[in-house]
Amino acid sequence: MSFTLQHKNNLAIMMLTPISLVGPTPADHESSSQLEILLREAGLYETSDELAAREDVLRDLQAIVDRWVKRVTAQRGFPDGMAEQATALLIPFGSYRLGVHGRGSDIDALVVGPSYIDRDHDFFAVLGGVLAETEAVTELQPVPRAHVPVIKMRFHGVQVDLLYASVCLPVVPRDLDLRDRSVFRGMDLASARSLNGVRVADELLRLVPDAGAFRTTLRCIKHWAKARGVYSNVMGFLGGVGWAILVARVCQLYPNASPSMLVPRFFKIFSQWKWPNPVLLRDIEHDDGGELALRLPVWDPRRNPRDKSHIMPVITPAYPCMNSCYNVSHATLRTITEQLQIGNGICQEILKAGPGGAGGWDALFQPFQFFKAYKSYLQVDVKVAGGEADLREWKGWVESRLRQLVNRVEVATAGMLLCHPNPKAYAGKPHDLHCTSTFFVGLSKPQPQQQQPQVPFDLRATTDGFKQEVYTYEFWRPGMELEVSHTRRKDLPSYVLDQILPAGHLKRRRAAESNSSPPLSSAPGDVKKVAAAGGTGSAPERKRRCCPSSNILPSASVQGVA
């Protein structure tokens, strides 16, 4: 059911009406404590030293940004006094601003500069050059053509994503209120998107009834999503903002609940959600020619026909409202829903076990065994003749296009071949001056209503079209290569097996092969060993109908899947 005008009043009432006001029992408090212990053991909380190091990174970056803005101001020919007063704000957002960052978390930060400092030259060229010469900076990667332009880097070993927004002011005050819509006056769309990261984080914390319960629940859901392979905005799953909005909605519906109550309700609600009905934390706001007349694009399918095509609308609560999950496809929504249903089943078992079952939360966070779930895969090899910097750049571009490969395959096979992209990239060892990183897409067939004849799928034209699209990269250089091939579980590259098999297992396998033992695929016991590398999995995973490997033509290119 689509989002239409007749639903507006009902949605407004629903957003203001909780489902239950019941608070936690002592058993619920104990269960929440068990959850927090599990999260701490998983390293999802920083130590005081790690937090201090993160604050040092922000302080040092602010100093670099201050020197940069004064330098650019002087180069523009402004009076010396103005150059001395010139400032730019460095504002963290994302998990750090929400208070759910943990060990190894990156820092999302927004630079807010004056009107005369532009993004393309001053931010990417000048500030990018300053950062390139900074000893503390490594793995510097400007991405100026991204949906939200960003400079990626490591600063003192901490991953930092740096965004830029220019406000229509000659001097940026230190106390600039980003909640005021007037900051959008004269702002380009890329700056508006960048600025919204800070505004959305602040609005999320304002709209949830209990920030502490929200934070703990969000930590749980993010930990679960990463373990189950459904945490990646660029690959068509949900990113941090999307999961945060879903958690915030559950918190609104159960304002007095503890985390151990909110987590099961999260899975119950969203495993049954009727998409594309949107998830909203507040009513959608417009700016229809008012005093500011900003006219920024706002997600609203009642006004914008293109928004009706969105598959999973999870709407940001700050103006201008946007769909945080615009990358989700039919394929990734199917995977997300499957995982939510599995999570719901596990939570129901924990609830059935009663107070004594609180220690069973670890079952919820068991990693999804991607290489157990499928027998056939598309293997996407990203190669460069240069070094690690070139590989990061080329891999990032290919990763951003993998959604198109998934869509192409499912359309070309009329939905008879289902795709499950794995967000994880597997790094190969440098060979012949080439660096390689590999992505995998699991292949399966839908459960048939009745016995159907085997139908081969020839995906060569589909994958060739995908490669041609990828090679249109604006900054492509000779040595940047891409290969797409079909592979079977038994033929996975050794550098992948090194990362997914238990220690010592690969050595035993190689020794067996050197003694002319049957290959892995022809020995059922060995196949079971590969499949069991990370556990038994849940019932819905075991029911998945994999493509029979024996019907796939062996070739370096994708010949067919039957």
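Numbers here simply count residues along the sequence, with the first being 1. Values below: every heavy atom of this structure, side chains too, minus hydrogens, waters and symmetry copies.
Residue pairs satisfying the salt bridge (Lys or Arg N to Asp or Glu O under 4.0 Å) criterion with at least one member in residues 322-334, sequence neighbours excluded, are listed as follows: R334-E410. Annotation: salt bridge (Lys or Arg N to Asp or Glu O under 4.0 Å) contacts involving residues 264-273, sequence neighbours excluded, are absent.
Note on ring orientation: taking the six-membered ring where Trp is involved, the planes of W299 and H310 are tilted (angle from 30° to 60°). Relative ring orientation between F270 and W273 is described as tilted, the plane-to-plane angle lying within the 30° to 60° band. Ring geometry for Y377 against Y374 counts as perpendicular: the plane angle is over 60°, on a 0 to 90° scale with 30° as the lower cut.
Each of L402, T463, T438 was compared with V380 under the side chain to side chain contact (heavy atoms under 4.5 Å, CB included) criterion, and only L402 meets it.
In this structure, F466 has its ring center at least 6.0 angstrom away from the ring center of Y471. Taking the six-membered ring for Trp, W243 and W224 have ring centres closer than 6.0 Å.
A donor-acceptor contact shorter than 3.5 Å links the side chain of R477 to the backbone of F475. Between the R228 side chain and the Q366 main chain, a donor and an acceptor come within less than 3.5 Å of each other. Remark: the backbone N or O of P92 is paired with a side-chain donor or acceptor of R97 at under 3.5 angstrom. Between the side chain of D108 and the backbone N or O of G94, no donor-acceptor pair lies under 3.5 Å. With hydrogens and angles ignored, the 3.5 Å screen pairs no side-chain donor or acceptor of Q159 with any backbone N or O of G157. Side chain of E393 to backbone of A389: no donor-acceptor contact under 3.5 angstrom is found. A distance-only check finds a donor-acceptor pair linking the side chain of R219 to the backbone of L44 [under 3.5 Å]. A donor-acceptor pair is defined here as one N or O able to donate and one able to accept, closer than 3.5 Å; such a pair exists between the side chain of D118 and the backbone of H121.
A donor atom on one side chain and an acceptor atom on the other are found under 3.5 Å apart for R119 and S191.
Scored by the ring pair (Phe, Tyr, Trp, His ring centres under 6.0 Å) test, Y96 finds H101 as partners (sequence neighbours excluded).
Pairing each heavy atom of L140 with each of I151, the nearest pair is CD1-CG2, 3.6 Å. Scanning all heavy atoms of the two residues, the minimum distance from A244 to L98 falls at CB-CD1, 4.2 Å.
Separating the CE atom in M235 from the CZ atom in F439 is a distance of 6.0 Å, to the nearest 0.5 Å.
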